[in-house]
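All remarks here apply to the structure that follows.
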Amino acid sequence: MKNKKVIGAFLLTAALFTPDLSHAIRLSGASEEQYMDINLLMQIWFRQQDISSQNRPNFVNASDRSDIFFRRVRLRFGGSVNPWFKFNFVLRDNDFGRDPYDAPFGGQPTHAKRQSNRNTGVIHELDAVLVPSAMTDMKGITLDLHLGYPRVPLGREQFQRAYDNLDLDRTNATLRWTHLATGDVTGRAFGGYAHIRGSNKGQGYSKITVDGFLGLFGGFKNVKNPWDETVVGVSSSTTLCGFTSPNPGVATCLSKARGNSSNSPLITFRGTLSFGDPEGRPAIYNWLYRDTYLGKRKGITVGVSYAFQNKIDQHIITDTQGISPGFRNTGQPENGAGTVNLRIPYLLLPNPLSAPNSALANTLLDKKVDMKSYGVDFAWHHGPISFVAELGQVKFDKLVLTDGANNVYPNKSIKNDFWLVKAGYMINPQSKHKFEPYISYSEYKPQIVKVGSGNDTRFYGDATNFVGQNNSPTSYLGKIKQLGVGINYYYINENFRWTLEYTKLDEGNVKIKNDAITLQFQWIF
């Protein structure tokens, strides 16, 4: 038994320090084209977080704390059936064992309130990759199709693995932008995209590569809204969709609010132009971008993104759960104005479930909203230097807003902007022990729309920074700034990595403590 433990420890150590691991286990078929790789990917965070509940009503019993948790765990099965058909299947868990609050995304402990009850162990990726270029002579042009549950090809940070990020994690600004665009907290959606690539035969920076992506993803037709869970036990005097409970109209209202009345597919376009070494890993038909080239890439990439999703029922993107509280212009709570505690990717908009009459409720339930997103990004890698910049916008049109007197304000729009920069320098790229200091900075600026006047004034927008009671209307939602300063240590490549980062958050108009020191251990096997 003792010898078995020694042998097992030796094999694990050997596997851990083997360079350029592409798989932990490979099962091969009858031909070289038939195989399945099994990988385990994990990120463990050791975090000390300085939290203050001051000026933040949605933080409940928040206090400074230290915590150890699995930020990400992935079990991947990927492989090839033949040269033109590949597959990728990944199970995931996020924030397992996490206790600290994850501002600026609301006040609930991330895993305990959202992941454990709903998303633990679910399918993270389910992709069937067809490779038409393997069946025909494309004369230097490659074409592949990604179907299933792929990552949506929007901005650069959205369309890359978190394990290949230059800094500790993707910026909150990018996450917020893509969550609003896709309506999915994982940044993935059912559907697929086509990718085409072409390049010349130049050398160095004279080599030009063009990539194009066209995506089509399902809408909200089959989305089940959990509002029906939040209204259980409501009092008979509470107004829901213009009715008082119990009333048959309430059931009708809730049935309508559980999903979209029609499908609303998300259509995405993305194009990139690279000079020098191209991006991605075409050998295994994985076109996700990365920041951590570890001194091996010399190239520039410029990308543009556009997406639209029309005819979304307004209640689908409303950050209101049943009769949850919101806030008036004085900062006082009011039932039905909205909440920032639960539906994290959504907007703070009028709540149709607490409308005073059925006509207004149906207006808010049936109103069709259009979404558009725009983005541009830039990346430069040259030996030890890594530099990335990105900016984008999500816009919602044709919204219906109401004030405290239930006056209707139709055809309103809300825009949310973000930008980020990141830079790193690899001190010793030729060594097995690589050190890379870096700095990252991002801003997310949600537009806040005001309707009404006096005590009937209402503010609507993205509730990333919903602060507490204050008579100044400017103290409600505001810009979020995030600064990260850190250093990466890699043993050979990204498969074995330590990251130490100090993160500072400046949240809008009211100072709120939420800085953190995080030590991350990353292992890909």
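Worth saying up front: this structure is predicted, and the values here are computed from it rather than measured.
Residue K372 places its NZ atom among more than 12 non-hydrogen atoms of other residues, nucleotides or ligands, all under 6.0 Å distant.
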Where do K296 and D277 land on the salt bridge (charged side-chain N to carboxylate O under 4.0 Å, His left out) test, with the steps shown first?
-> CA-CA 9 Å; K296 297 179 180 179; D277 296 335; over 6 Å; no
For side chain to side chain contact (heavy atoms under 4.5 Å, CB included), just list the numbers for L483 and I439, CA-CA rounded to whole Å, side-chain angles, deciding distance to a tenth of an Å, and then say yes or no.
-> CA-CA 8 Å; L483 172 67; I439 185 170; 4.1 Å; yes
Does the ring-ring contact (aromatic ring centres under 6.0 Å, His included) test come out yes or no for F496 and F521, once each step is laid out?
-> CA-CA 8 Å; F496 186 87; F521 170 63; 5.6 Å; yes
Steps toward side chain to side chain contact (heavy atoms under 4.5 Å, CB included) verdict (T178, R151) = CA-CA 11 Å; T178 54; R151 183 168 292 283; over 6 Å; no
List the steps and the verdict of side chain to side chain contact (heavy atoms under 4.5 Å, CB included) for L168 and W45.
-> CA-CA 10 Å; L168 179 72; W45 281 20; 3.7 Å; yes
Stepwise salt bridge (charged side-chain N to carboxylate O under 4.0 Å, His left out) check, D144 with K86 | CA-CA 10 Å; D144 51 288; K86 316 288 182 181; over 6 Å; no
Begin with the C-alpha distance, continue with both residues' side-chain angles, and end with the deciding distance and a verdict on side chain to side chain contact (heavy atoms under 4.5 Å, CB included) for T136 and W84.
-> CA-CA 10 Å; T136 60; W84 52 270; over 6 Å; no
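Between the side chains of H433 and N428, no donor-acceptor pair is found at a separation under 3.5 Å. With 3.5 Å as the limit, one finds a donor-acceptor pair spanning the side chains of R497 and T499. Side-chain atoms of E436 and Y490 form a donor-acceptor pair, as typed in the model, at a separation below 3.5 Å.
For Y289, the ring-ring contact (aromatic ring centres under 6.0 Å, His included) criterion is met by F159, not counting sequence neighbours. By the side chain to side chain contact (heavy atoms under 4.5 Å, CB included) test, I196 pairs with I141, L143, sequence neighbours left out. Partners of R297 under the salt bridge (Lys or Arg N to Asp or Glu O under 4.0 Å) rule, at least two apart in sequence or in another chain, are E279. Evaluation of the ring-ring contact (aromatic ring centres under 6.0 Å, His included) rule for F77 yields no partner, not counting sequence neighbours. With sequence neighbours left out, R74 forms a salt bridge (Lys or Arg N to Asp or Glu O under 4.0 Å) with no residue at all. Listed by chain and number, the residues in a salt bridge (Lys or Arg N to Asp or Glu O under 4.0 Å) with E443 are K479 (sequence neighbours excluded). Scored by the side chain to side chain contact (heavy atoms under 4.5 Å, CB included) test, D417 finds Q393 as partners (sequence neighbours excluded). Take T503 and apply the side-chain hydrogen bond (donor to acceptor under 3.5 Å, both in side chains) test, not counting sequence neighbours, and it matches E501. For K395, the salt bridge (Lys or Arg N to Asp or Glu O under 4.0 Å) criterion is met by D397, not counting sequence neighbours. Shown here are the ring-ring contact (aromatic ring centres under 6.0 Å, His included) partners of Y441, two or more places apart in sequence or in another chain: W419. Residues forming a side chain to side chain contact (heavy atoms under 4.5 Å, CB included) with A516 (at least two apart in sequence, or on another chain): R47, Q49, T518. Every residue two or more places apart in sequence or in another chain that forms a ring-ring contact (aromatic ring centres under 6.0 Å, His included) with Y374 is listed here: Y306.
Distance alone, capped at 3.5 Å, is enough to place a donor-acceptor pair between the N493 side chain and the N495 backbone. Side chain of D37 to main chain of G78: no donor-acceptor pair is present (N/O by atom type, distance under 3.5 Å, no hydrogens or angles). Remark: the backbone N or O of K415 is paired with a side-chain donor or acceptor of Q447 at under 3.5 angstrom. A donor-acceptor contact shorter than 3.5 Å is absent between the side chain of R170 and the backbone of N165. Between the side chain of S305 and the backbone N or O of L154 there is at least one donor-acceptor pair closer than 3.5 Å. Side-chain N or O atoms of S80 include one that pairs as donor or acceptor with a backbone N or O of E33 at under 3.5 Å. Put simply, the side chain of D211 never gets that close to the backbone of H195: no donor and acceptor are under 3.5 Å apart. Side-chain N or O atoms of Q43 include none that pairs as donor or acceptor with a backbone N or O of Q520 at under 3.5 Å.
Residues E390 and F418 are in side-chain contact: their nearest non-hydrogen atoms beyond the backbone lie under 4.5 Å apart. With a 4.5 Å cut-off on side-chain heavy atoms, I427 and P437 count as touching. Between N88 and E125 the shortest side-chain heavy-atom distance falls below 4.5 Å. Contact of the Q158 side chain with the V152 side chain is registered, since non-hydrogen atoms from C-beta on lie closer than 4.5 Å. Contact of the I517 side chain with the L500 side chain is registered, since non-hydrogen atoms from C-beta on lie closer than 4.5 Å. Side-chain atoms of L75 and I38, non-hydrogen and from C-beta on, do get closer than 4.5 Å to each other. Put simply, the side chain of T174 reaches to within 4.5 Å of the side chain of L420, judged on heavy atoms.
To the nearest 0.5 angstrom, M42 atom CE is 11.0 Å from Q522 atom CD. R161 CZ to T292 OG1: the interatomic distance, rounded to the nearest 0.5 Å, is 8.0 Å. Atom OG of S28 sits about 9.5 Å away from atom CD of Q34, to the nearest 0.5 Å. How far CZ of F275 is from CD1 of I300: 7.5 Å, rounded to the nearest 0.5 Å. Considering CZ of F396 and OG of S373, their distance stands at 9.0 Å, rounded to 0.5 Å. One distance of note links OH of Y149 with CG of L147; it measures 15.5 Å at 0.5 Å rounding.
The ring of F378 has its center no closer than 6.0 angstrom to the ring center of W380. No close placement of the F46 and F69 rings is indicated, their centers lying 6.0 Å or farther apart.
The one candidate from D377, T272, V376 that meets the side-chain contact (heavy atoms from CB on, under 4.5 Å) condition with R156 is D377.
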